[in-house]
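Just so you know, residue 1 is the first one in the sequence shown, and it goes up from there.
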Amino acid sequence: MEQLGSKAEVRQAIAEARREDKRIALVPTMGALHDGHLSLVHAARQRADYVAVSVFVNPTQFGEAEDFAAYPRDLARDLDLLGAEGVDLAFTPSPEVMYAPGADVTIEPGRLGTVLEGAVRSGHFRGVCTIVTKLLSITGPDLAFFGEKDYQQLVLVRRMVRDLDLPVKVVGAPTVRECDGLAISSRNAHLSAEERAAAPVLYRALRSAETLALGGERDAAVLEDAMRSTVESEPVMTLDYAAVVDAASLEPSGELGPKPARALIAARIGRTRLIDNLSLEVG
Ligand code: AMP
């Protein structure tokens, strides 16, 4: 595996792979890699001949009061894991490489960037759209892989690729969970033992909505109430939102109908913020 930190070197390595007619995949990550990330790498490996993984904790998607400085980082371990997975290229730029001094042209995410996570994390999706566009521009992949774990991000990246005619296919991959249902996340490392024991309540809340939907409940407000009261059973959790939305537009569902719906949830537990989501199959 090659590890490269400069944009010019990455462009050159990928141009070489292109000359060999290879199908190229990009998996963008912020490092502190876990089985969720590695599932994206596996999916990429299956669909492409050349897999590039970026490891970059992007400062512009963190708000002032958020955990950029405290975000877990372990590049040596990440490189070991990626090497063992047969990744071809690890792109590990510094912030100075990614952002020229005074860089202030950004990608505006539009309405999808203002709801749910966007309503709580102002500017977050502008940072996400901008860095994803830059990574796509530098690597020029055929396929780019994103996890359903960050469902709003996946929907928004798909929309951005459509609206800006970016020449890449976005591939979504299912959320990888711990045995007790907790979605694996780099931020889980921050949880105390007590918080870790309480955290699976988010998945239980999503499942409570799913069970109601499968049982015939169509009123999104009833599903949202069920999620809310499930989370409230854990006093250490503070709910940010529990929402049932149209899976494509992220508009509130009202009544569940034939179109796919998605339950999304976000809560704070101590100093850690966790998000999760689940598809609502209503048959
Ligand atoms: P991050 O490093 O948190 O920015 O995540 C990088 C990519 O991995 C994103 O596309 C995430 O959605 C995806 N990802 C993170 N956690 C999981 C998980 N538990 N299952 C599947 N994909 C994940």
Donor-acceptor contact present, side-chain [X] to main-chain [Y], <3.5 Å:
X    : Y    : value
R159 : L112 : no
D67  : A70  : no
D246 : P252 : no
T29  : S54  : yes
Q153 : V128 : no

Sorted by chain and residue number, the salt bridge (charged side-chain N to carboxylate O under 4.0 Å, His left out) partners of R23 (sequence neighbours excluded) come out as none
I'd like to know whether V244 forms a side chain to side chain contact (heavy atoms under 4.5 Å, CB included) with R262, so could you lay out the CA-CA distance, the side-chain angles of the two residues, the decisive distance to 0.1 Å, and finally the verdict.
CA-CA 6 Å; V244 173; R262 198 96 189 174; over 6 Å; no
Ring pair (Phe, Tyr, Trp, His ring centres under 6.0 Å) with F146: which residues, sequence neighbours excluded?
none
Could you work out, with ring pair (Phe, Tyr, Trp, His ring centres under 6.0 Å) as the rule, every residue matching H124, not counting sequence neighbours?
none
Does a donor on one side chain sit under 3.5 Å from an acceptor on the other, for [X] and [Y]?
X    : Y    : result
T175 : E148 : no
E281 : S279 : yes
Y50  : E20  : no
E232 : S229 : no

Under 4.5 Å side-chain linkage, directly or through intermediates, the cluster mates of V105
none
Can you tell me if [atom1] on [X] sees more than 12 non-hydrogen neighbours from other groups inside 6.0 Å?
X    : atom1 : result
R271 : CZ    : no
E66  : CD    : yes
E64  : CD    : no
E9   : CD    : yes

In this structure, which one of N188, T272, D180 forms a side-chain hydrogen bond (donor to acceptor under 3.5 Å, both in side chains) with R196?
D180
Could you work out, with side-chain contact (heavy atoms from CB on, under 4.5 Å) as the rule, every residue matching A242, not counting sequence neighbours?
M227, L239, I265
Pairing residues for E195 by the side-chain contact (heavy atoms from CB on, under 4.5 Å) criterion, not counting sequence neighbours
L191, S192, I269
Can you tell me how far CD of E217 sits from CG of L223, rounded to the nearest 0.5 angstrom?
6.0 Å
Nearest-0.5 Å distance, CD1 of residue I24 to OG1 of residue T139:
8.5 Å
Between R111 and F125, is NZ or CZ placed under 6.0 angstrom from the six-membered ring centre and within 45° of the ring axis?
no
Does NZ or CZ of K134 lie under 6.0 Å from the centre of the six-membered ring of Y99, at an angle within 45° of the ring axis?
yes
Which is it for F62 and Y71 under the side chain to side chain contact (heavy atoms under 4.5 Å, CB included) test, yes or no, and what are the steps along the way?
CA-CA 10 Å; F62 289 78; Y71 195 83; 3.8 Å; yes
